[in-house]
Amino acid sequence: MQHPNKLKRLPPSFFEQPTLELAKALLGSILIKETNDGTAAGIITETEAYIGPGDQAAHSYQNRRTKRTEVMFGLAGFTYMYTMHTHYLFNVVTGQADNPEAILIRSVEPYFNKELMQQRRPKARNDYQLTNGPGKLTKALGIDMNDYGHPLHQKPLWIAKGELDAFTIASGSRIGIDNSGEAKDYPWRFWIKGNRYVSR
DNA sequence: ATTGGGATTACA
DNA sequence: GTAATCCCAATG
């Protein structure tokens, strides 16, 4: 393990690959957030792709463009945040300008400063409960609505190249979208096979 | 397996 | 105002 500041940041060009490719490429990468309380980081272990106009499960379905979905129509590599009840969910915007696509980060494996994460999530009884869900990891890492629209190649919120050895990628249908017609069966959820820190 | 919580945004 | 939402944690 290294201090997050020493890890190699992923450049804007990294985010320009096709959304489904990027969803897989992000697995194993390291998500880092620096706050006044300290810096915390996690290895991305689970992602879900949401692909624009034709994806009934996406907020940008049929090019629905509102104040909330606005960043999705911009360039890749920016942060799309939205709230779900009391939780903040973190997404990476992908696709060209005017292609409203994004990747939801569903879980991470604690990498740096687990103590701070535990402090932010006092109810977690073990280290996988710290970050094995989309609302959990944002809380553990200290990501909130202030990060909406933030470019992911610079502080205080960025993604770095991972250091995992080769691993197998598993895929399946996405979660929490039962009301999304046939889109609910698209195998657009990806995770690191065998990793303990995935949701469900 | 089911349900209460109580944020935020969109649309009438 | 009211309905809807890419969830979480505590219950039976």
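Protein chains get the first letters and strands the later ones, always in sequence-line order, with residue 1 at the start of each.
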> To the nearest Å, give me how far apart CD1 (Ile175(A)) and P (dT5(C)) are.
17 Å
> Please state how far atom CG in Asn132(A) lies from atom P in dA9(C), giving the value in whole angstrom units.
8 Å
> May I have the distance from Leu89(A) (atom CG) to dC8(C) (atom C1'), rounded to whole angstrom?
11 Å
> Indicate yes or no for a side-chain donor-acceptor contact from Tyr88(A) to the backbone of Gly142(A) under 3.5 Å, with no hydrogens or angles considered.
no
> Heavy atoms, side chains only, cut-off 4.5 Å: are Phe90(A) and Val108(A) in contact?
no
> Would you say that Met117(A) contacts Leu141(A) through its side chain, given a criterion of any heavy-atom pair below 4.5 Å between the two side chains?
yes
> Starting at CZ of Phe90(A) and ending at C1' of dC7(C), how long is that distance when rounded to a whole Å?
17 Å
> Just call it for Leu104(A): base, sugar-phosphate, or nothing, with non-hydrogen atoms closer than 4.0 Å on any strand.
base
> Reading DNA chain C from 5' onward, which residue's closest nucleotide shows up sooner: Ser180(A) or Arg125(A)?
Ser180(A)
> May I ask you to test the Arg106(A)-Val198(A) pair for a side-chain heavy-atom distance under 4.5 Å?
no
> Let me have a per-nucleotide readout for nucleotides 7-12 of chain B, 5' to 3', with B, S or -, counting only protein heavy atoms under 4.0 Å.
BSSSS-
> According to the 5.5 Å centroid and 30° plane-angle thresholds, does Tyr82(A) stack upon the nucleobase of dC6(C)?
no
> Keeping Arg174(A) on the side-chain end and Ala183(A) on the backbone end, is there a donor-acceptor pair under 3.5 Å?
yes
> Run the numbers on Lys155(A) and Glu34(A) for salt bridge (Lys or Arg N to Asp or Glu O under 4.0 Å), then give the verdict.
CA-CA 7 Å; Lys155(A) 289 188 176 188; Glu34(A) 185 176 292; 3.2 Å; yes
> Would you say that more than 12 heavy atoms from the other residues, nucleotides or ligands in this model lie under 6.0 Å from the CD of Glu182(A), or not?
no
> Name the stems with DNA chain C in them: runs of three or more consecutive Watson-Crick or G-U pairs, distances under 3.5 Å?
B:1-5 with C:7-11, B:7-11 with C:1-5
> Could you give all pairs that pass the side-chain hydrogen bond (donor to acceptor under 3.5 Å, both in side chains) test and reach residues 125-142 of chain A, with sequence neighbours left out?
Lys114(A)-Asp127(A), Asp127(A)-Tyr197(A), Asn132(A)-Lys136(A)
> For a quick test of reading the model: is some side-chain N or O of Lys136(A) closer than 4.0 Å to OP1 or OP2 of dA9(C)?
yes
> Starting at atom CD1 of Ile177(A), determine the distance to atom P of dA4(C), rounded to an integer number of angstrom.
18 Å
> Just the rounded figure in Å: distance from C1' of dA3(C) to NE2 of His59(A).
14 Å
> Is Arg9(A) close to His153(A) at the side-chain level, that is, under 4.5 Å between some pair of heavy atoms?
no
> Rounded to the nearest Å, what distance is computed from the CZ atom of residue Arg174(A) to the P atom of nucleotide dC6(C)?
10 Å
> For Ile105(A) and dC7(C), what is the distance between atoms CD1 and P respectively, to the nearest whole Å?
15 Å
